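Since the structure is predicted, the reported quantities are computational estimates derived from the model, not experimental observations. Residue numbers begin at 1 in each chain, while the letters A, B, ... track the order of the sequences.
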Amino acid sequence: MSTDPTAEPERYDPLVVEPPIAQRWAAERTYSLRPGPAELDPSSLERAPYYALTMFPYPSGDLHMGHAEIFTIHDALVRHLRMTGHTVLNPIGWDAFGLPAENAARNRGADPKAWTYANIDEQRSTIVRLGYSFDWDTVLHTCDPEYYRWTQWLFLALFDAGLAYRREALVNFCPSCSTVLANEQVVDGRCERCGTEVSRQPRTQWFFRITEYADELLSGLDDLDWPERVKNSQRAWIGRSEGAEIVFPTADREDEIHVYTTRPDTIFGATYFVFAPEHPVVRRRMAGDRAYDAYLAEVTRRSDVERQAGKTGYRLPFDVVNPFTGEDIPAYAADYVLMDYGTGAIMAVPVGDQRDFDFARQEGLEIRVIIRPTGPDGQLLDELDPDTMTEAYTGPGVMVHSGAYDGLPWHEAKARIIADVEAKGWGTAKVNTRLRDWLISRQRSWGAPIPIVHCRHCGEVPVPQEDLPVTLPDDLDFTVAGSPLDQHAAFKHDVVCPRCGDQDATRDVDTMDTFVDSSWYFLRYLSPTDDTRPWPTDAAGDWLPIDQYTGGVEHAVLHLLYSRFVVKAMRDQGYVDADEPFQALLNQGQVIMDGAAMSKSKGNLVVPGEVTDTYGADTLRGTMLFASAPEDDIDWADVSPTGMHKWLSRVWRLTLEELARDDQGAVPLAEEGAARLRRATAEAIDRASAEYAARKFNTAIAQLMTLTNAVLDATRHGRGGPAVREALEALLTMLAPVCPFITEELWTRLGHDASVHDQRWPVADTALLVDEEVEVVVQVNGKVRGRLTVPAGADAEAVESVARADERLAGHLAAEVVKVVFVPDKLVNFVVRA
RNA sequence: GCGAGCGUGGCGGAACUGGCAGACGCGCUGGGUUUAGGUCCCAGUGGGCUUCACAGCCCUUGGGGGUUCGAGUCCCCCCGCUCGCACCA
């Protein structure tokens with residue numbers, strides 16, 4: 001350190017400071033919790049165990065700003081937790097199977113494996129450069145055979161439990177990706193990934209029986225510390241409703257058709273009946289009818305998007321009987337009734353359901369009024385007129401033209417009718433959900449193969465545990481049309497039935513949805529190299545549920561729902577003692593540019609690397625955290641890395657100046673200045689600690705900036721000493737979670753051997769926070785008219801007399817005071833007669 | 001259509017259970033340092049008005065109404081934006 005006071009102080013250059021520290025942390029595995037891969041028993045830890053997890057990245061290229069945002073928030077959380085007395089399990093890995101690797105292979109002739117691992121290497125070095133304190137001893141990639149072996153194990157565990165099954169169903173098919181999709185991957189009738197309209201096709205596919213857990217997936221949400229909107233999304237997706245299943249016989253009494261309805265009270269208004277066009281009873285009864293076949297073919301061809309455009313119907317050549325009225329009512333097949341919700345058939349009540357109303361008007365069907373509207377106080381309103389109605393009535397009312405139920409409020413009628421339905425054996429009360437089983441088969445080749453052998457004698461035969469993993473061939477031909485795995489003869493045919501030894505058995509050539517890979521990775525982090533079991537079943541229950549999960553809201557009904565299902569299913573099979581995977585969830589905001597998503601094609605792409613190369617990683621991290629609260633979006637056009645860089649330069653300079661003063665034995669601050677700075681330090685610790693605890697990094701940083709300004713102010717005249725050093729050390733310690741490099745460097749230069757990141761979080765000297773005098777706001781009729789300095793704890797009378805003695809307030813207090821409102825140490829409000 | 005959330009300076013954003021609106025920063029203006037630019041340092045910065053000045057007054061948190069001594073915060077209505085679900089019977 002130079003002792004020449006005229007020498008130019010060393011400039012803050014993050015590009016010199018940061019890389020060596022980053023390399024050291026990576027090389028020395030600084031943030032690893034253990035020397036080897038052995039499982040980690042949380043009860044063996046000295047400090048409170050904490051499992052912090054961030055959604056692992058997909059290796060589609062280098063890290064983008066969204067990754068930097070999520071990792072920066074997560075890393076600040078983790079580093080702060082370590083400094084406040086926790087041992088933090090903080091793993092990282094890659095969600096490495098998926099379509100982009102296949103597309104790279106198809107379009108550019110790349111080897112999907114090499115392409116994937118090259119991207120992982122690039123992302124990994126960026127993560128290191130940005131100073132994220134992950135545990136590099138527990139890294140996993142879902143495309144490693146050592147990992148997907150256990151994904152296959154998971155499939156078989158679910159299969160053994162009866163929770164994985166294969167059936168033919170109308171499934172979503174994306175013609176562009178040439179694969180089937182789960183319902184969760186269809187957005188507005190389009191493929192989530194490529195935007196192509198999805199069509200419905202009957203196919204035999206594998207499903208996970210997630211509906212088995214619908215009730216628990218719904219009720220479990222109440223106890224999770226998740227954003228309400230995510231919980232609401234899951235509630236809406238599960239879509240629980242209460243109603244009844246009621247049997248309508250056909251007029252010829254040959255069939256009994258079950259319908260599900262949430263409004264059994266409207267049954268007297270059921271004037272016609274609708275089947276989904278694919279309903280099995282209709283298909284059987286209409287077999288060989290060419291006109292109907294044509295209708296069915298047309299309906300099947302139409303995508304959901306087209307179906308929304310208009311209702312079509314087909315009058316069936318038979319009637320059904322309304323059990324309550326005994327009437328025969330006409331039966332239709334119509335595409336507005338879906339085969340895969342409820343029972344695929346409905347009683348149509350045009351007066352009370354908008355879709356039925358529209359169809360009735362279109363087809364000229366009877367609209368029968370069975371309810372009379374009531375107002376907010378239960379008073380009767382005008383009767384409905386079926387000839388002039390323009391829309392269905394869905395509000396409250398009392399029953400009319402409903403036999404014995406006339407005069408009952410609709411909700412009472414609902415309860416009575418359900419009871420009577422059950423009494424008469426016409427049906428049962430029924431809870432229905434919108435959630436459907438999770439379709440996990442994919443006609444893709446860069447994924448975990450489904451570990452099943454198909455045998456003409458034995459059917460679906462699980463691959464024995466000792467034969468796992470079923471590995472992907474290295475020599476897939478991506479130039480073929482369709483699935484390369486399906487056309488790889490050796491993979492498909494070089495297998496015998498594990499049960500009967502039949503030589504003609506074939507492997508299942510589909511792979512699992514990559515959401516299966518990611519539905520359990522947080523368990524594998526507990527022992528990623530254990531080749532005897534997927535995870536340590538005893539320790540898992542201690543680490544789960546994960547204390548803090550950070551990631552994007554786009555997974556609200558995908559990954560987050562699937563993972564909950566998997567944990568519950570594994571719990572019931574005795575593999576993990578936990579009900580939920582993620583106790584607390586933080587959804588970070590998006591990083592956008594000029595109000596729009598960043599993308600290469602729009603030319604508004606900013607990548608972390610270019611910010612780091614200019615200003616360093618600390619500035620990138622600080623800029624992101626200072627811009628807004630973690631949940632809020634950041635528009636990169638609105639933020640200023642230069643502002644952050646300027647502040648860090650100032651922290652750098654102030655620290656080096658203090659060191660130089662120290663060397664030269666400079667005069668310390670005068671007592672008053674030192675006391676003022678000590679107080680500012682205590683306040684900054686007090687406030688910043690609270691902001692950190694609330695995860696409001698933007699306001700925590702603001703407090704640290706205020707402390708910096710206090711140091712700047714105190715040292716203006718070249719004095720320093722213990723109070724300045726104390727302020728700087730508190731500042732560096734509290735800045736460490738946000739800007740790990742500059743704080744590490746300056747901490748070392750201040751003469752400490754241990755890392756700043758191993759320091760305990762500072763504690764404010766509360767004695768310094770207590771004021772002897774306080775400023776009290778004086779209001780007159782609620783308007784601020786002055787401020788008074790009074791002794792802390794002064795009572796109302798004392799403050800009032802000081803106020804009355806103040807000549808500047810005299811004019812306002814001349815009128816008669818009718819009331820005095822007093823808030824100790826804060827405010828006094830005189831209410832005067834106007 | 002249903003459900004949820006959000007509207008604060010030129011900008012990002014602060015404001016604990018109702019108690020000094022605009023913390024902190026960006027930007028901008030003026031000044032200093034510098035050969036120059038940048039960096040850096042100092043001062044100012046919601047709008048309007050009064051005053052030589054110290055200072056003071058009025059208005060202001062999307063719009064309107066209400067509760068209260070006091071409302072960005074609570075209640076009602078309206079407007080705007082965002083997100084989720086959507087032929088779900």
Side-chain angles (χ1 to χ4, degrees), chain A residues 9 11-12 187-189 227-237 239-241 243 259-263 266 270 274 276 304 307-311 334-338 340-349 352-356 358-359 391 394 432-436 553 556-557 622-623 626-629 632-647 649-650 653 687 690-691 694 696 698-706 708-709 712 716 775-787 808 811 817-823 826-832:
Chain A
R11 229 166 44 85
Y12 169 50
V187 179
D188 292 335
E228 273 308 312
R229 64 173 176 148
V230 176
K231 293 206 233 180
N232 284 335
S233 289
Q234 290 210 355
R235 288 186 185 115
W237 192 259
R240 181 190 154 96
S241 65
V259 304
Y260 173 72
T261 175
T262 56
R263 293 295 302 276
T266 64
V274 186
D304 280 0
R307 284 196 185 196
Q308 302 257 3
K311 297 175 179 36
D335 57 358
Y336 78 92
V337 172
L338 308 177
D340 47 11
Y341 184 80
T343 60
I346 62 155
M347 64 177 204
V349 184
D353 182 285
Q354 191 58 42
R355 297 153 298 175
D356 297 342
D358 292 341
F359 191 76
E391 58 181 14
T394 55
N432 205 21
T433 60
R434 206 187 85 96
L435 182 70
R436 281 163 248 165
V553 72
V557 291
T623 303
F626 185 56
S628 62
D632 295 337
D633 288 353
I634 295 174
D635 193 329
W636 200 251
D638 291 335
V639 301
S640 168
T642 56
M644 183 54 52
H645 188 256
K646 196 163 125 183
W647 175 50
S649 299
R650 192 175 287 183
R653 197 190 82 228
R687 292 179 184 170
E691 302 292 5
K696 301 187 74 178
N698 54 336
T699 48
I701 291 168
Q703 294 300 336
L704 300 182
M705 288 175 167
T706 304
T708 310
N709 292 343
L712 196 65
R716 181 144 296 156
E775 193 175 73
V776 169
V777 171
V778 181
Q779 293 182 341
V780 178
N781 287 347
K783 289 198 151 90
V784 179
R785 295 301 180 188
R787 294 167 185 84
R808 282 175 305 182
V817 175
V818 294
K819 185 175 179 184
V820 180
V821 179
F822 179 67
V823 182
K826 267 195 162 167
L827 169 141
V828 59
N829 185 16
F830 296 97
V831 184
V832 306

Counting C-beta onward and ignoring hydrogens, is there a side-chain heavy-atom pair between [X] and [Y] closer than 4.5 Å?
X: A:Trp647; Y: A:Leu704; result: yes
X: A:Ile346; Y: A:Thr261; result: no
X: A:Met347; Y: A:Asp353; result: no
X: A:Val778; Y: A:Val784; result: no

Spacing between [X] atom [atom1] and [N] atom [atom2], to the nearest angstrom:
X: A:Arg235; N: B:C88; atom1: CZ; atom2: C1'; answer: 19 Å
X: A:Asn829; N: B:G70; atom1: CG; atom2: P; answer: 8 Å
X: A:Gln234; N: B:A4; atom1: CD; atom2: P; answer: 18 Å
X: A:Leu712; N: B:C40; atom1: CG; atom2: P; answer: 12 Å
X: A:Leu827; N: B:A21; atom1: CG; atom2: P; answer: 10 Å

With both distances kept under 3.5 Å, what pairs with [N], Watson-Crick or G-U wobble?
N: B:G38; answer: none
N: B:G44; answer: B:C28
N: B:C54; answer: none
N: B:C20; answer: none
N: B:A14; answer: none
N: B:G3; answer: B:C83
N: B:A71; answer: none

Can you see if the side chain of [X] gets near the phosphate of [N] - specifically, an N or O under 4.0 Å from OP1 or OP2?
X: A:Arg650; N: B:U39; answer: no
X: A:Arg240; N: B:C88; answer: no
X: A:Asn232; N: B:C85; answer: no
X: A:Lys646; N: B:C26; answer: yes
X: A:Tyr341; N: B:A89; answer: yes
X: A:Lys819; N: B:C69; answer: yes

Gap in Å between the two [atom1] atoms, one belonging to [N] and one to [M], rounded:
N: B:C24; M: B:A43; atom1: P; result: 13 Å
N: B:U8; M: B:A21; atom1: C1'; result: 8 Å
N: B:C54; M: B:G37; atom1: P; result: 33 Å
N: B:G66; M: B:U60; atom1: P; result: 14 Å
N: B:C20; M: B:C76; atom1: P; result: 25 Å
N: B:A4; M: B:C78; atom1: P; result: 15 Å
N: B:C85; M: B:U17; atom1: P; result: 31 Å
N: B:U82; M: B:G65; atom1: C1'; result: 27 Å

What's [X] touching, base or sugar-phosphate or nothing? Going by heavy atoms closer than 4.0 Å.
X: A:Arg229; result: sugar-phosphate
X: A:Arg785; result: sugar-phosphate
X: A:Asp635; result: nothing
X: A:Gly643; result: sugar-phosphate
X: A:Val639; result: nothing

Looking at [options], which one has an atom nearest to any side-chain atom of [X]?
X: A:Thr642; options: B:C24, B:G27, B:C59; value: B:G27
X: A:Ala629; options: B:C88, B:A14, B:A21; value: B:A14
X: A:Val337; options: B:G25, B:A21, B:A89; value: B:A89
X: A:Lys696; options: B:G12, B:A15, B:A21; value: B:A15
X: A:Thr706; options: B:C11, B:C24, B:A89; value: B:C24

Original post:
How close do A:Val274 and A:Ala334 get, heavy atom to heavy atom, and via which atoms?
Top reply: CG1-CB, 3.5 Å
**OP:** Would you tell me whether A:Tyr336 and A:Asp358 have side-chain atoms, one donor and one acceptor, within less than 3.5 Å of each other?
**Re:** no
Original post:
Backbone N or O of A:Trp237 within a donor-acceptor pair of the A:Arg434 side chain at under 3.5 Å?
Top reply: yes
Original post:
Hey, does the side-chain of A:Gln779 have a donor or acceptor N/O within less than 3.5 Å of a partner on the base of B:G19?
Top reply: yes
Original post:
Does a distance-only test, which skips hydrogens and angles, find a donor-acceptor pair under 3.5 Å between the side chain of A:Arg687 and the base of B:C24?
Top reply: no
Original post:
Distance from A:Tyr12 atom OH to A:His645 atom NE2, nearest 0.5 Å?
Top reply: 5.5 Å
